[in-house]
Amino acid sequence: MKTSKRILGILGIAATTILLAACGNSSSKPKTTTITVGASAVPHAQILKHVQPQLKKEGVNLKIKVFQDYVMPNKALASKELDANYFQHTPFLNQWNKANHGTLVSAGGVHLEPISAYSKKVKNLKDVKDGSTILASSNTPDYGRILTILQDAGLIKVKKGIDITTANFSDITSNPRHLKFKHSYEPKLMPSIYKNGEGDVDFINANYAVQAGLNPLKQAIATEKSSSPYVNIVAVRKGDQKKPAIKKLMKALQSKSTQKWIYNHYKGAVLPAKSYK
């Protein structure tokens, strides 16, 4: 009888020990939160993939959904198909919100994709001939960037006092070389248009240029300055920027190591938004 009680006592202690150990293991593991972020293939999805392992350690399961255009990511975010998206700059987001009565907001900046001018006709933007045709995409928020580059090269003058982030080609007040502007193309088609030799000067966003195998540092004849206000951001629904998982995402993207990786990986063709030095 005593032996039976002793055995039961030992079994009870063992069971308690196992239960406590199990509880200890479960409490030590961080609670996992899954977030889905929509992104352009290059460089956005690549940068997100770079921080995936870091976020996993912090309890964030990052899923990446790649989009091939600039239309669907904000629609998907607004309709709650995504938790965030990463493909646009603030002027683009502001214009989208205005046109769609949206309330999407920025959770923070990550990198700059300088828009650049490419040409098979001239090696310097200042050398374009009278009557040359300038090709750009239909992405209107980029027009101010293009006008700034052309104005810096001394080719045009833009209306004084205008907000350059909302400027259009109709805001040109001086065009001494009679440049012709065409801007009805899809952004993703611009690299092919350039390779086919269309236009005298073609303006291409860095993400599509890099994706098409172009090297902005070597092939562009003029590039947007690093002081540009067109830093690419992570967008979320209003209020979601305060969520722990989104904060962890931004901390990872804006970290010194990630910003340095961006600069080194893209060899300066994509610039970090924050200084890593």
Side-chain angles (χ1 to χ4, degrees), residues 35-48 63-116 135-149 158 162-171 181-190 203-211 224 228-243 245-247 249-250 253-254 270-271 273:
I35 58 172
T36 302
V37 181
S40 296
V42 179
H44 308 78
Q46 295 174 336
I47 296 172
L48 289 172
K63 290 187 176 181
I64 305 166
K65 184 174 181 179
V66 176
F67 289 85
Q68 300 297 335
D69 59 43
Y70 291 163
V71 177
M72 295 308 298
N74 279 337
K75 288 184 177 180
L77 178 58
S79 62
K80 298 185 179 182
E81 295 173 41
L82 304 171
D83 297 290
N85 68 39
Y86 174 34
F87 78 100
Q88 64 194 319
H89 45 62
T90 298
F92 184 96
L93 177 62
N94 290 342
Q95 187 181 79
W96 188 89
N97 277 332
K98 185 177 180 180
N100 296 276
H101 306 289
T103 57
L104 303 182
V105 298
S106 169
V110 182
H111 75 271
L112 173 68
E113 297 172 21
I115 195 168
S116 299
L135 302 186
S137 79
S138 57
N139 189 37
T140 56
D142 282 339
Y143 294 166
R145 310 170 77 179
I146 295 169
L147 293 174
T148 299
I149 294 173
V158 180
I162 192 168
D163 180 358
I164 198 64
T165 64
T166 60
N168 207 318
F169 293 104
S170 60
D171 295 310
F181 299 95
K182 294 183 179 180
H183 41 83
S184 59
Y185 310 95
E186 284 189 55
K188 64 183 179 181
L189 298 179
M190 294 309 297
F203 280 90
I204 309 174
N205 292 84
N207 61 320
Y208 288 121
V210 173
Q211 193 171 344
E224 180 178 21
S228 167
Y230 292 86
V231 170
N232 277 225
I233 61 170
V234 171
V236 296
R237 291 182 294 278
K238 190 175 182 180
D240 285 0
Q241 67 269 34
K242 298 177 182 179
K243 288 185 175 180
I246 297 298
K247 286 185 175 181
L249 171 65
M250 296 314 303
L253 290 171
Q254 294 176 336
V270 177
L271 302 174

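Across every non-hydrogen atom of P114 and A206, the tightest pair is O-CB, 3.4 Å. Nearest heavy atom pair, residue Q241 against residue K247, reads O-CG, 3.7 Å. When all heavy atoms are compared, the tightest approach of L48 to A39 is CD1-CB, 3.7 Å. Closest approach of A41 to Q68, counting heavy atoms only: CB-NE2, 4.4 Å. Across all non-hydrogen atoms, the minimal contact from I47 to H111 is CD1-ND1, 3.9 Å. Contact record, V234 with A84: CG1-CB, 3.9 Å, taken as the closest heavy-atom pair.
In this structure a side-chain-to-backbone donor-acceptor pair under 3.5 Å is present from S106 to G108. Side chain of E224 to main chain of I115: a donor-acceptor pair is present (N/O by atom type, distance under 3.5 Å, no hydrogens or angles). In terms of modelled atom types and a separation under 3.5 Å, the side chain of S138 and the main chain of Y185 share a donor-acceptor contact. Under a 3.5 Å cut-off, the side chain of N100 and the backbone N or O of W96 do form a donor-acceptor pair.
A search for side-chain contact (heavy atoms from CB on, under 4.5 Å) contacts involving T165 returns P91, D163, P229, Y230, not counting sequence neighbours. Residues forming a side-chain contact (heavy atoms from CB on, under 4.5 Å) with N97 (at least two apart in sequence, or on another chain): L93, L104. By the side-chain hydrogen bond (donor to acceptor under 3.5 Å, both in side chains) test, Y70 is found to be paired with N207, residues two or more places apart in sequence or in another chain being considered. In this structure, the ring pair (Phe, Tyr, Trp, His ring centres under 6.0 Å) partners of F169, at least two apart in sequence or on a different chain, are Y143, F181, H183. Partners of D83 according to the side-chain contact (heavy atoms from CB on, under 4.5 Å) rule, which considers only residues two or more places apart in sequence or in another chain, are I35, T36, R237.
Checked by atom type, the side-chain pair Q95/T140 shows a donor-acceptor distance below 3.5 Å. Using a 3.5 Å distance cut-off with no hydrogens or angles, the side chains of N139 and D142 do pair a donor with an acceptor.
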>> ring pair (Phe, Tyr, Trp, His ring centres under 6.0 Å), that's the test. Do Y86 and H44 meet it? Break it down for me.
In response: CA-CA 6 Å; Y86 174 34; H44 308 78; 4.7 Å; yes
>> Using side chain to side chain contact (heavy atoms under 4.5 Å, CB included), reason through V66 and S40 one step at a time and then give a plain yes or no.
In response: CA-CA 6 Å; V66 176; S40 296; over 6 Å; no
> Between H89 and R145, does a side chain to side chain contact (heavy atoms under 4.5 Å, CB included) hold up when you go through it step by step?
Replying inline: CA-CA 12 Å; H89 45 62; R145 310 170 77 179; 3.7 Å; yes
>> Between L249 and V37, is the side chain to side chain contact (heavy atoms under 4.5 Å, CB included) condition met? List the steps.
In response: CA-CA 10 Å; L249 171 65; V37 181; 4.1 Å; yes
>> Test side chain to side chain contact (heavy atoms under 4.5 Å, CB included) on V231 and T90; report intermediate values, then the result.
In response: CA-CA 7 Å; V231 170; T90 298; over 6 Å; no
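Note: I149 CD1 to S116 OG = 6.5 Å, rounded to the nearest 0.5 Å. Here N232 contributes atom CG and L253 contributes atom CG; the two are 11.5 Å apart, rounded to the nearest 0.5 Å.
Listed by first then second residue, pairs satisfying salt bridge (Lys or Arg N to Asp or Glu O under 4.0 Å) with a partner in residues 66-79 number zero, not counting sequence neighbours.
Counting only heavy atoms from C-beta outward, the side chains of V110 and I233 never approach each other to under 4.5 Å. N85 has its side chain out of reach of K65: every pair of non-hydrogen atoms, C-beta onward, lies at least 4.5 Å apart. Taking the side chain as every heavy atom from C-beta outward, M72 and F67 approach each other to under 4.5 Å.
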